[in-house]
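Count residues from 1 along the sequence.
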Amino acid sequence: MKSKNRDDGWFIGRLYFNREDKRVIIKRPGSGFGYTFNFGNRWTWIWNLIFVIIIAVFVNVFIL
């Protein structure tokens with residue numbers, strides 16, 4: 001059964017996982033500011049992987 005309520009995806013008030021919600025960046029409810037990623041969206045994982053690769057390359061080239 002599919003849930004149409006976007007609030008069902010929140011865990012501990014900070015992590016959001018909802019595969020039915022197509023948004024990648026989600027505004028946190030109840031706080032005046034703050035955003036998080038929808039970890040149910042595959043683009044979130046792709047962008048996070050790209051970010052980690054860029055950081056690893058930066059550390060290897062400039063720090064080591």
Below 3.5 Å, can you tabulate the donor-acceptor pairs from side chains in residues 48-60 to any protein atom, sequence neighbours excluded?
from	atom 1	to	atom 2	distance (Å)
Asn48	ND2	Thr44	O	3.3
Asn60	ND2	Ala56	O	3.2

Kindly compute the distance separating [atom1] ([X]) from [atom2] ([Y]), expressed to the nearest 0.5 Å.
X: Glu20; Y: Asn18; atom1: CD; atom2: CG; value: 5.5 Å
X: Asn41; Y: Lys22; atom1: CG; atom2: NZ; value: 7.0 Å
X: Arg28; Y: Tyr16; atom1: CZ; atom2: OH; value: 14.0 Å

Pairing residues for [X] by the ring-ring contact (aromatic ring centres under 6.0 Å, His included) criterion, not counting sequence neighbours:
X: Phe11; answer: none
X: Trp45; answer: Phe39
X: Tyr35; answer: none

Any side-chain heavy-atom pair of Leu15 and Trp10 under 4.5 Å: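 They are not in side-chain contact.
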Worked verdict on Val24 versus Phe37 for side-chain contact (heavy atoms from CB on, under 4.5 Å): CA-CA 6 Å; Val24 174; Phe37 289 105; 4.1 Å; yes
Residue Phe17 excluded, over 12 heavy atoms near CZ under 6.0 Å: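 It does: Phe17 CZ has more than 12 such atoms within range.
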Neighbour count above 12 (heavy atom, 6.0 Å) for Ile63 CD1: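 More than 12 within 6.0 Å, yes.
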Donor-acceptor contact below 3.5 Å, side chain Asn38 vs main chain Ile25: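 Looks like no, no N/O pair under 3.5 Å.
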